[in-house]
Amino acid sequence: MNHTAPLGHAVPSVKPALHVLMAGPRGFCAGVDRAIKIVEEAIRKFGAPVYVRHEIVHNKFVVDSLKAQGAVFVEELDEVPEDAPVVFSAHGVPKAVPAEAKRRQMIYLDATCPLVSKVHREAEHQSAAGRHILLIGHAGHPEVVGTLGQLPPGSFTLVETEEDAERITVPEGPLSYTTQTTLSVEDTAGIVAALRRRFPQLTEPHKDSICYATTNRQGAVRAIAERAEMVVVVGAPNSSNSVRLREVAERAGCPIALMVQRGAELDPSLADGMAMIGITAGASAPELLVQEVLDRLRERFTLTLEEVVVAEENITFKLPALLNR
Ligand code: 0CJ
Ligand code: F3S
């Protein structure tokens, strides 16, 4: 008999039952779906290679699949040959980027999520009305770089945390705020409350800028995290909305909340002795990867699945006109 295999990793002959709560909604949002289609359609229309500025969405599997179809990923526009088409990622770009593409007479397609573009226009509008802009978001994230890149230098202040909200100094005069689309709903409410308290002259934006997909996925992961002994988030460490899902699960009191990029990354023995776990996926994570995680768990358990749906989504976005011509 072999006594050397660690017990925690032995596969029992009769697989124990494990109930899996599947967060609904989870995975792709309308903006991600559109962005990926734009790259695929651009390859079909113009032929490979099609350049993409920044990861089209923050998911290695998606990026690798598009690379296999003929996409070439770069970080800056000056890495793109002048005669090749280029797609801007879902996260949005500073104004200077399409301006430079135009100047170089390049063919470009903007896969910025329409909900990010709305935030751009709102920030621009508030700024043009003479208001200093407070942008709530994470420094260095491409969406934040893109939104700040709509505004004149010195006309905004970045607010990352409630502590920032308590200590920032701003110029005298009218103020407005907007946010990154993928933030924690709860943290942002705290930051906005602190800003309102400190700056009574703060103008409210026309609409909440945390997007529907972020709000719904956070609601869904909270619902499963309240019941599950462990929550697995499928997503990438550089995906802001996915990282937020793991945090929400943890704050909801779930004993183990972890993130994996692929099924193979999950150690299924973590669920030994558990009766119920939950699974969700960030807005940039394909459902195929959720199925990979389920298959990984099936190596060790007999699964029963339960969809826990907190919101129905039926939003779709049109592709740019250039692709329909
Ligand atoms: O910024 C966005 C418009 C969200 C795009 C989809 O998600 P992802 O993971 O590519 O980007 P985040 O890091 O912003 O969540
Ligand atoms: Fe857009 Fe929100 Fe998805 S901003 S890309 S719908 S996460």
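First listed ligand is number 1; within each ligand, the first listed atom is number 1. Heavy atoms only: backbone and side chains are in, while hydrogens, waters and symmetry mates are out.
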Judged by non-hydrogen atoms, does V243 sit under 4.0 Å from ligand 1?
no
Give me the residue, atom name and distance of the protein heavy atom closest to atom 10 (O) of ligand 1.
H58 N, 2.6 Å
Heavy-atom side-chain proximity of R131 to T203 below 4.5 angstrom
yes
To atom 12 (P) of ligand 1, the nearest of S240, A90, S117, G31 on a heavy-atom basis is S240
Using 4.0 Å as the upper bound for N to carboxylate O, is an ion pair formed by R197 and E166?
yes
Which of the numbered atoms in ligand 1 are below 4.0 angstrom from a heavy atom of E143?
1 (O), 2 (C)
For atom 7 (O) of ligand 1, find the nearest protein heavy atom and state the residue, atom name and distance (0.1 Å precision).
N241 ND2, 3.1 Å
More than 12 non-hydrogen atoms from neighbouring residues, nucleotides or ligands closer than 6.0 Å to NZ on K45, yes or no?
yes
Tell me if the CD atom of E204 is crowded by more than 12 foreign heavy atoms within 6.0 Å.
yes
For the 3.5 Å polar cut-off, considering only N or O atoms, please tell me whether H91 and ligand 1 meet it.
yes
Hey, is ligand 1 close enough to S284 that some N/O pair sits below 3.5 Å?
yes
Enter the distance from D33:CG to S284:OG here, rounded to the nearest 0.5 Å.
12.5 Å
Closer than 2.8 Å to atom 2 (Fe) of ligand 2, what protein N/O/S atoms do you find?
C211 SG
Measuring from the heavy atoms of R244, does anything fall under 4.0 Å of ligand 1?
no
Where does the angle between the aromatic ring planes of H58 and H91 fall among parallel (under 30°), tilted (30 to 60°) and perpendicular (over 60°)?
parallel
In terms of relative ring orientation, are Y108 and F88 parallel, tilted or perpendicular, with 30° and 60° separating the classes?
parallel
Mind checking whether N238 contacts ligand 1 via backbone (N, CA, C, O), side chain (CB onward), both or neither, at a 4.0 Å heavy-atom cut-off?
backbone
Under 4.5 Å between side-chain heavy atoms, hopping through other hydrophobics if needed: is there a path connecting V39 to F317?
no
Per-atom contacts, ligand 1 versus V32 - under 4.0 Å to a heavy atom
6 (C)
